Amino acid sequence: MSKVRIYTLAKDLGVENQRMLEILDGLGVSYKSVSSTIEEETVDLIKQILAEEGTEGTETAPEAVAAEAEAAPAVAATAPVVSAPEAPATAGSDDVAPVAVAAEAAAPATAEIPHRAPVVTIMGHVDHGKTSLLDYIRKTKVAAKEAGGITQHVGAFEAQTSKGRIVFIDTPGHEAFTTIRARGANVADIAIIVIAADDSLMPQTREAIAHAQAAKVPMIIAINKVDLPQADPDRVKTDLTQLNLVPEEYGGDLVVVPVSAKTGEGVEELLEYISLTAELEDLRADPKAAFGGVVIEGRVDRQQGVLTTVMVQEGTLHVGDFLVVGENYGKIKAMNDSNGARIKEAGPSTPVQILGFSDVPNSGEKVASAKNEHAAREVVASRQSDRRDIEDARVQRRKTLEEMMGP
Ligand code: GDP
Ligand code: MG
């Protein structure tokens, strides 16, 4: 097992040290400085990420990027060609500048607990373009490497951006968000509120904003459909101001990004803002801590059995681990990442699909690991007995009440 120093690798691959640290942060790998060594496996991952970005050793001319961005709509209209990701942060370098400065000021990170990728949820009124926006991001930012070419719906996906990894919860709508929150779990770090530029604020937009505020999750407003001739982004901003949400350009602190899920305009910028917001939130998680996660969704597959998407929040999951969810436990028989690739372990902010539970767990249920099967059984038994005690007490109260009321 050979190890490589970060700066040596950066030099070999022709990328900046800072970029290398960002990738490591995105992967949740801890380091002390650029002279720290990293594992061979990590090196492979880094190479893969750089290859996907197409930045490895090449200088992307700004003109080329702009040309490609302009060409995108025509391409997108005919076939979902994955060409946009090759044009990363350089697009609109004016807008990117503050982000880069902030990143430089914060580095090099020396904290013991490594950064983790942000988990983002998308909410907004029906038909304002939530699904389209997620589809656009997925098409351009997720390498097409599904197992056997089958796109499996797992409820979450990871996007590789020029600023690191971003995890999107792929079940748009308030329901996913609220059910998960109702069970006491907060899975999203950032909420994107999608508002159609031709429709402005609608009832579900207000609801979505209220949910994000209640969860104390930072919001980014994506004004969508700016490609439409009747688009009126200024009206959206004015309407937001009436809710006491003041856009930055009006002197407030609300980040508002005009986008089009159709042409891809503004999407790169939206991703930049997500990364910047995540950076300010200073999201960290310890891959060496005890495992903790949340069920995103569960379903039964005719062939494979119960498939459960779990978001790893703390610690690291391994194939073979025993997990407890509510009153069920299971052993991880197999694990996939959100691209359908088989993986053996997964660190913080990684959505994984697990095979190993016999019952379908509910969205939002917390998942913990147990040392072994015996320990898992004990946790389940104690939860069952707690629940029975509560139920018995309830029955007893009702009886007493009935007796008091008489026949
Ligand atoms: P959701 O209900 O919020 O998930 O909205 P959808 O993604 O299903 O989009 C609703 C409709 O708006 C669909 O017909 C989309 O094609 C269309 N749409 C979404 N985004 C855009 C956009 O940026 N520009 C235009 N012109 N149409 C869009
Ligand atoms: Mg939708």
Side-chain angles (χ1 to χ4, degrees), residues 68-85 91-92 120-142 151-157 159 166-180 187-188 190-212 217 219-237 239-240 255-274 296-297 299 309 338 351 363:
E68 213 172 322
E70 259 161 42
V75 174
T78 50
V81 176
V82 190
S83 63
V120 178
T121 186
I122 296 202
M123 298 192 283
H125 197 73
V126 65
D127 283 347
H128 278 200
K130 300 176 292 293
T131 304
S132 305
L133 189 57
L134 281 171
D135 282 351
Y136 186 90
I137 296 169
R138 189 204 293 275
K139 254 185 241 153
T140 54
K141 293 292 169 187
V142 177
T151 308
Q152 296 183 337
H153 181 77
V154 301
F157 69 91
I166 301 176
V167 181
F168 287 90
I169 299 198
D170 192 7
T171 44
H174 316 155
E175 243 174 86
F177 189 64
T178 46
T179 348
I180 289 173
V187 75
I190 296 168
I192 307 295
I193 313 285
V194 175
I195 309 176
D198 61 337
D199 214 15
S200 198
L201 269 71
M202 297 304 270
Q204 286 168 50
T205 317
R206 289 174 221 276
E207 250 177 68
I209 291 170
H211 285 315
V217 174
M219 263 187 288
I220 295 176
I221 307 287
I223 302 185
N224 190 34
K225 307 196 188 186
V226 293
D227 59 284
L228 291 174
Q230 67 271 36
D232 189 356
D234 286 337
R235 180 179 153 215
V236 178
K237 287 176 208 162
D239 288 352
L240 282 166
V255 175
V256 177
V257 190
V259 301
S260 166
K262 194 175 167 191
T263 67
E265 179 188 343
V267 173
E268 193 66 48
E269 207 187 342
L270 178 66
L271 297 174
E272 294 279 348
Y273 274 113
I274 293 171
I296 301 294
E297 60 176 46
R299 66 184 173 91
T309 302
S338 56
S363 300

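Counting starts at 1 for both ligands and their atoms, following the listed order. Please read all numbers here as calculations on a predicted model, not as lab measurements.
Residue contact check: His125 has heavy atoms under 4.0 Å from atoms 3 (O) of ligand 1. Within ligand 1, the atoms closer than 4.0 Å to a non-hydrogen atom of His128 are 3 (O), 5 (O), numbered from 1 in the order shown. Under a 4.0 Å criterion applied to the non-hydrogen atoms of Asp127, ligand 1 contributes the atoms 1 (P), 2 (O), 3 (O), 5 (O), 10 (C), 12 (O). Remark: ligand 1 atoms within the under-4.0 Å shell around heavy atoms of Ser260 are 23 (O). Listed by number with element, the atoms of ligand 1 under 4.0 angstrom from any heavy atom of Leu228 are 26 (N).
Note that NE2 of His128 is 8.0 Å distant from OG of Ser200, once rounded to the nearest 0.5 Å. The line from CG of Leu133 to CG of Asn224 is 6.0 Å long, rounded to the nearest 0.5 Å. Rounded to the nearest 0.5 Å, atoms CD1 (Ile122) and CD1 (Ile193) are 10.0 Å apart.
Residues Val259 and Val226 have side chains not in contact (no heavy-atom distance under 4.5 Å, counting atoms from C-beta outward). Using a 4.5 Å heavy-atom threshold, the side chains of Ile192 and Val257 count as separate. Residues Ile195 and Leu240 meet the side-chain proximity criterion, which asks for heavy atoms closer than 4.5 Å.
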**Message:** What verdict does the side-chain contact (heavy atoms from CB on, under 4.5 Å) test give for Ile223 and Lys237, after you've listed the backbone C-alpha separation in whole Å, the side-chain angles of each residue and the deciding distance to 0.1 Å?
**Reply:** CA-CA 9 Å; Ile223 302 185; Lys237 287 176 208 162; 4.2 Å; yes

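Using a 4.0 Å cut-off between heavy atoms, Lys262 contacts ligand 1 through both its backbone and its side chain. Within the 4.0 Å heavy-atom criterion, both parts of Thr131, backbone and side chain, lie near ligand 1.
Relative to atom 20 (N) of ligand 1, the option among Asn224, Asp198, Asp227 with the closest non-hydrogen atom is Asn224.
A salt bridge links Asp239 to Arg235: one of the charged nitrogens lies within less than 4.0 Å of a carboxylate oxygen.
Inclusion of Ala261 in the set of residues having an N or O under 3.5 Å from an N or O of ligand 1 is warranted. Looking at Val259 next to ligand 1, no N or O pair under 3.5 Å apart turns up.
Residue contacts to the Mg ion (ligand 2): Thr131 brings an N, O or S atom closer than 2.8 Å.
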